[in-house]
Structures are given as C-alpha cells and as structure tokens.
Amino acid sequence: MAKFDFSENIKLLNDAMTGGAKGVPFVAQMHEFAMRESGIPGDQFYTDAKKFVRGTLEISERFGFDTPSFIWDVYNVEAQALGCSFVTFEDMAPAIENVSPLVSCEADIGKLKAPDPHSSGRMPMVFEIMHEMKTQAGMIPAPCFCAPFTLASHVMTFENLIVQIKQNPGFVHSLMNFLVDEVIAPYMNALVSEFPEIVAVEGSDAVASLPFITQDMLEEFALQPLERLQKQVTRPALCDNWWGDSYAPDLPEFWAQKRRATPGYLKVQDPDLYKLGVQPVIDYASEHNLPIVLGVDNNVFQNGTETEIRMRIHEYMEAIESVGKGALYLCSLSAVTPAENVRIAIEACNDFRAGDRPWAGQRSAGTPEARGETGKKITAIKAVKTEAVDKSQDTPEELILDDIFDAVIDADDVDTADLVKEALKKDINVHTILNDALIAAMDEIGDDFADGTIFVPEMLMSARAMKAGLEVVRPILTDTGEPVKGVVMLATVQGDVHDIGKNLVGMMLEGAGYEVIDLGVNKKPEEILERANEINPDVVGLSALLTTSMPSMQKTVNLFKKVGSKYPVIVGGAPVTEEFAEAIKADGYGENAPRAVEAVHQLIAEKVKINAAVPARASA
Ligand code: B1M
C-alpha cells in the first residue's frame with residue numbers, strides 16, 4: 001500500500017478530461033512552493049530525487065492539492081545533460097545560465113555529444129523521481145521534457161536563434177533534428193521502457209510563445225520539430241504551454257497549432273486568458289468538442305486580494321464546467337507565493353465544487369479593463385509598412401536618410417551599413433545620419449513594439465541593422481572625440497536568468513546612441529556594485545522577471561543606496577511595477593524597452609543639469 005494516496009483525485013482528473021467527472025479538478029505547478037514549504041533548500045530539493053518526492057507529496061497532502069505536481073524544473077534537465085551551465089539556488093528552482101552558448105555556428109552541432117539518459121547530468125535523477133513517485137504514491141507521472149525550441153534557445157541563446165532562423169534556417173533545422181533525434185526522444189523513450197505504465201510525455205516550451213516569436217516561426221521551428229518528436233516517442237508527446245493567444249494575428253489558427261501539440265485538449269492561460277476572456281475559449285472548445293485547461297497565473301496568487309483570487313478561480317471553473325470537460329491549472333506557485341493565498345485558492349476550488357458560488361455568472365476576464373492597452377494586432381504593421389509616402393519633393397540628402405531609415409525598419413543590416421557608407425561619402429553630417437535616420441528608425445520600431453504592432457523578432461532584427469549602421473559611424477565619432485551620449489550598465493538580478501527583455505532594452509539603448517555594458521544574468525548585488533565602480537556608468541539598469549528575484553532587485557538598490565553610490569538605478573521586467581520601483585527607491589522605471597530608454601534619457605538629462613549647476617553654485 002502506497003504511503004500517499006491520490007488515486008481518487010487522479011481518477012477525477014482523468015474522468016474530467018473525458019467528460020465523465022462530477023467536479024472540476026485542479027492541477028498546479030507547485031514544485032518551488034513545495035520546496036519552500038518543506039524547508040528543503042533548493043540545491044538539495046532539485047538534485048535529490050527522494051527529497052524532491054517527499055517534499056512534493058507532503059506539501060500536496062498538507063495543503064490539499066488535488067494531485068501532487070507532476071512537474072519539476074522542466075527546462076533544465078536536457079540542457080544540463082548537454083553541458084550547458086547549470087546553477088542551483090538555496091531559495092528557488094535551479095536554472096540554465098547562457099554564459100557561453102554551446103552552439104554558435106553550424107559546425108558546433110558536430111561538437112555536441114548526445115547525452116546518455118542513464119548517466120548524463122540529472123537525467124538519472126528523473127528515473128529515480130518516477131520510481132519514488134511509484135513506490136510512495138502509487139503513481140507514474142507523465143515525464144516532462146524541454147521542447148526543442150526552448151532547448152535550442154538554451155544551447156545557442158534566444159537572440160542567435162532568431163537571427164539564424166532569419167538568415168540560416170537550414171542550420172536551425174539541423175540543430176532541431178539533433179535535439180529531437182539525439183537528446184529528447186532517446187531520453188523519453190528510455191523512461192518509457194523503464195516505466196511502461198507511462199501514458200504520455202509532456203513538454204514545456206515557454207520561449208516559443210508570441211510575441212517573442214511569430215506565428216510562422218512557431219509553425220516551422222517549434223511545432224514541426226515537436227511533430228518530429230511525436231513520431232519518435234513511443235507514447236503521445238504533448239506540449240501545452242505556449243503563451244501569446246492574445247497577440248495571435250490568427251487566433252483560430254494559433255489554437256489549431258496548439259491542438260497539433262495537444263490533440264486531446266486546448267489549454268489557455270493568463271495573462272492571455274484574462275485579456276481574451278473565457279467566452280472565445282468556450283466557443284472554440286464547444287465547436288471542436290474539446291476539453292479545456294484554463295490557467296490562473298502566479299501574479300494573482302502573489303498579489304491578488306482574497307476576493308480576486310476566489311473570483312478568478314470561480315470564473316474559470318465555471319467556464320470549464322460549461323464546456324463539460326477539462327481542468328483548472330494553477331500556474332507557478334513559487335517560493336515567494338504566500339502560503340495563505342495558496343490556501344485561499346484551494347479553498348476556492350473546493351467551495352466551487354461544493355456549490356458555494358457567490359459570483360456565479362460574473363465575468364471580469366475579457367473586459368476592456370482586463371485587456372489593458374496592449375494586444376493590438378500585428379496586421380497593423382503591414383499598414384504602416386505599405387503606406388505610400390510621396391518622396392518626390394525630397395532632397396538627395398533626405399532621400400538617402402529615408403533609405404537608411406527604411407533599411408533599419410526592414411531589418412536589412414547589409415543595406416543599412418552600405419547606405420550609411422554612401423551617405424558619409426556624400427558628406428552628410430554624421431550626426432544627421434545618426435539622429436535623423438538610425439535613431440529615428442529605432443524610435444519608430446520602439447513605438448511599434450510598445451503598441452504591440454510588431455513582435456520581438458522584428459525588433460531584434462531591426463536593432464541588429466541599426467547596430468550595423470552604428471558600427472560604420474562609430475569610428476568617425478571616436479576620431480572626432482565625440483562623447484557617447486552616456487554609458488548604461490545592465491544586469492538581470494540574482495536568481496533570475498531571463499534575459500530576452502533585458503537584451504531588448506540594451507538594443508534599444510544602443511539604438512538611442514548609448515554605450516551599453518551588459519553584465520549578463522543572475523548577478524549578485526555585490527557584483528553589480530563592484531562592476532559599477534569599475535565601469536563608472538551613467539545609469540545602472542536592473543531587470544527581473546520572477547517574483548522570486550524581485551527581493552534581489554530590492555537588495556541591489558538598497559546596497560547602492562547604503563554605500564551612497566552615485567549611480568542612478570532604473571528597474572524593469574514583467575512583474576516590476578512603477579509602485580514597486582518607487583517602494584524600493586529606484587531612480588527610474590521602464591515598463592518596456594522604449595520606456596526604459598526614456599527613463600535613461602531623463603536621468604542623464606538631470607545629471608547634465610546638475611553638472612551644469614555645480615560650477616554655477618560654486619562660483620556664487
Ligand atoms: Co520563465 N517565467 N521561468 N522562462 N518565462 C515567466 C517569467 C513566468 C511569468 C511564466 C509563468 O509561469 N507564468 C514565470 C514567472 C512567474 C513569476 O514569478 N511572476 C516564469 C517562471 C516561474 C520560470 C521558471 C521558474 C520555470 C517555470 O516554472 N516556468 C524558470 C526560472 C529560471 C530563472 O530565472 N531562475 C523559468 C525559465 C524560463 C526559460 C529559461 C524557459 C525562458 C527564459 C529564456 C531567456 O530569457 N533567455 C522563460 C521564458 C521565455 C518565460 C516567458 C514565457 C517569457 C519571458 C520573456 O522573455 N518575455 C514568461 C511568461 C510570459 O511572459 N508569458 C516566463 C519577453 C520579453 C520581451 O519581455 O522580459 O517582460 P520581458 O521584457 C520587457 C519588459 O518587461 C521590459 O522591457 C522588455 C521589452 O519591452 N523590461 C525592462 C525587461 N527588463 C527591463 C529592464 C528595464 C526596463 C524595462 O530597466 C533596466
């Protein structure tokens with residue numbers, strides 16, 4: 001007899017997905033929450049299968065989760081086994097640090113060594129977790145894998161992956177084939193042969209979400225490699241966590257793509273679900289006779305009031321009930337999610353099932369307030385780009401500046417560099433080229449990105465083109481002793497390896513004429529201060545994407561203030577709000593990359609004002 005018994009709820013979950021259940025079950029991604037509540041430090045919890053399973057089962061039982069988490073730190077296992085740099089933390093889940101990518105060019109693929117599922121990295125630990133789950137709880141969870149696109153971004157960095165997709169797609173296909181054929185499929189098949197009871201394997205693929213990639217990229221570089229995997233794994237290989245439904249230019253097509261990744265159900269989660277509302281999901285699911293999985297995100301459990309948590313859960317459970325089959329998903333209960341809020345969430349699920357439904361019929365998702373200001377459709381870019389501009393009255397100088405501007409907008413790095421050279425040959429002032437063509441184009445790109453009219457890849461590629469133009473003018477600016485507008489030092493704070501947003505901020509700052517020194521990710525407060533003292537930047541920029549790493553952002557700002565550092569600090573990242581920035585006494589805040597540039601402009605302008613005022617005061 002197993003020590004922990006979740007069999008009834010596992011049956012409820014299985015029945016719910018086929019329409020035969022009485023109530024709506026919930027599943028939770030709660031490994032990090034279980035780590036904290038069990039008091040097991042992260043560096044042990046995620047490396048010792050027995051501790052992981054004991055902690056997960058005990059906390060699941062203590063808090064009354066329907067079923068224990070089937071999920072561990074899913075994004076890291078294959079990358080670590082391939083040799084990517086793996087970091088553990090005491091107080092949060094481990095991560096892969098993209099310090100030096102394993103693959104930069106096609107030839108590097110040949111240097112990758114296929115992992116052995118029984119001996120490489122923590123792959124053997126996963127076998128042990130499965131074994132422990134089986135003996136302690138009589139259950140065999142679906143093993144998790146890191147889907148090919150996200151794994152490729154670990155192996156070669158997100159930015160390089162996008163650039164190569166645009167410039168050398170064959171190389172990316174070869175890498176994807178290697179990752180599917182030599183890494184993920186053998187690993188999953190080894191688990192299936194050890195545990196034949198496995199019914200399916202489940203992938204996660206956060207990086208392959210909109211608007212970080214486009215829907216076309218998703219099709220060719222995320223979905224098709226997944227389908228290749230599906231053909232090779234001896235059990236259904238599912239993958240259900242692409243975000244970005246609210247950005248999809250073609251939502252039914254996006255959901256059709258999702259269904260190819262999870263043929264048996266449709267999963268939609270916050271923040272997209274909150275923006276879109278439940279009705280489109282209900283309609284689609286009813287039309288296609290599909291169960292739905294609706295996800296409430298961490299921010300609600302982290303920052304929501306009791307009523308907000310309860311209402312969101314009831315609204316989504318009611319939607320699932322109206323479809324007749326499906327489950328609720330509680331996303332990313334983390335090491336800093338208040339235990340009380342988790343209790344409230346679980347109680348809300350139980351109350352709903354018991355018929356205690358004070359908000360029956362009420363909806364807040366999908367309202368204009370829930371949609372916020374973002375979410376404009378990508379089609380708008382086409383309108384911008386195809387708008388005909390009458391250039392017949394332009395001077396030759398204006399014409400070439402327009403061409404440079406267009407080349408940056410069209411993300412053509414070769415054309416941009418050539419046109420800048422041509423403009424210089426024609427004696428056009430270097431500042432005019434910089435300000436009226438290169439920086440002006442990036443301003444427009446920044447606005448389009450902030451509006452949601454273009455996606456990350458377009459912005460990234462335009463930033464590259466801008467950089468190519470900048471390389472041409474830089475030596476001239478240096479020769480003339482022209483000072484750069486200012487130096488900005490960037491870092492993602494300790495415990496956090498998210499860098500896509502920070503890198504975009506860096507590109508936009510370069511695009512606006514600043515020199516950017518990027519320290520990378522997972523940087524301790526002391527290291528950030530030490531490097532600032534070496535570099536002497538005009539502004540320090542900190543990025544955080546996790547609620548668990550926000551305290552580290554606060555510590556860094558505190559340290560700067562404590563030592564009376566002269567460097568102004570701006571902060572940003574998805575969970576970072578203006579209120580938080582004010583509360584931790586940061587000097588500036590950027591909601592997104594263009595706003596971060598504005599914050600830097602403002603701080604530098606203030607600095608210039610102060611510097612100008614100092615001699616005046618001294619002489620008074
Ligand atoms: Co992670 N992840 N992730 N993840 N991931 C989030 C952030 C999450 C919201 C997903 C979720 O579960 N709902 C969640 C955080 C929940 C929370 O705490 N609030 C989460 C989690 C929990 C995790 C892990 C623990 C694993 C997991 O369970 N999912 C793990 C943690 C690793 C670690 O850091 N210790 C993890 C890992 C990963 C990947 C490695 C797989 C990958 C990161 C790859 C990389 O960055 N190289 C990843 C990704 C891609 C995401 C999502 C899908 C996207 C984040 C992103 O890149 N956005 C995200 C869910 C989502 O958003 N749908 C999620 C695109 C980027 C352009 O936006 O970074 O917000 P953003 O940057 C914006 C602004 O915020 C701002 O400007 C940028 C451009 O406009 N900005 C600044 C950013 N920095 C700024 C600095 C400034 C000013 C503005 O001044 C200096």
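Each ligand, and each atom within it, is numbered from 1 in the order the structure gives. Numbers here are sequence positions counted from 1.
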A.B. asks: Answer side chain, backbone, both or neither: which part of S332 comes under 4.0 Å from ligand 1, heavy atoms only.
C.D. replies: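 Side chain only.
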
A.B. asks: Is it the side chain, the backbone, both or neither of R595 that has a heavy atom closer than 4.0 Å to ligand 1?
C.D. replies: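 None of R595 does.
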
A.B. asks: Which residue and non-hydrogen atom of the protein lie closest to atom 72 (O) of ligand 1, and at what distance in Å?
C.D. replies: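 Minimum-distance protein heavy atom for atom 72 (O) of ligand 1 reads G501 CA, 3.2 Å.
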
A.B. asks: Just to confirm my output: which protein heavy-atom neighbour is closest to atom 81 (N) of ligand 1, and how far is it?
C.D. replies: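 Here the closest protein heavy atom is G573 N, 3.5 Å.
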
A.B. asks: List the closest protein heavy-atom neighbour of atom 47 (N) of ligand 1: residue, atom name, distance to the nearest 0.1 Å.
C.D. replies: D499 OD1, 2.8 Å

A.B. asks: Should the proximity of L542 to ligand 1, defined as any heavy atom under 4.0 Å, be assigned to the side chain, the backbone, both, or neither?
C.D. replies: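 Backbone only.
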
A.B. asks: Counting heavy atoms only, which of V296, T547, N592, V87 is nearest atom 18 (O) of ligand 1?
C.D. replies: T547

A.B. asks: Which is it for N299 and ligand 1 at heavy atoms under 4.0 Å: side chain, backbone, both or neither?
C.D. replies: side chain

A.B. asks: With salt bridge (charged side-chain N to carboxylate O under 4.0 Å, His left out) as the criterion, how do R312 and E315 come out once you've worked through the C-alpha distance, each side chain's angles and the decisive distance to 0.1 Å?
C.D. replies: CA-CA 5 Å; R312 184 79 62 95; E315 182 174 342; 5.8 Å; no

A.B. asks: Please enumerate all residues that pass side-chain hydrogen bond (donor to acceptor under 3.5 Å, both in side chains) together with D108, with sequence neighbours excluded.
C.D. replies: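 Listed in chain order: K111.
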
A.B. asks: Where on F449 is there a heavy atom closer than 4.0 Å to ligand 1, on the side chain, on the backbone, on both, or on neither?
C.D. replies: side chain

A.B. asks: Among all protein heavy atoms in this structure, tell me which lies nearest to atom 27 (C) of ligand 1, with the distance rounded to 0.1 Å.
C.D. replies: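 Among all protein heavy atoms, the one nearest atom 27 (C) of ligand 1 is Q29 NE2, 3.6 Å.
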
A.B. asks: Answer yes or no for Q302: is there a heavy-atom contact with ligand 1 below 4.0 Å?
C.D. replies: no

A.B. asks: Are K51 and F45 in a cation-pi setup, meaning NZ or CZ lies under 6.0 angstrom from the ring centre and within 45 degrees of the ring axis?
C.D. replies: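 Output no; distance or angle outside limits.
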
A.B. asks: Which atoms of the protein, restricted to N, O or S, are nearer than 2.8 Å to atom 1 (Co) of ligand 1?
C.D. replies: H498 NE2

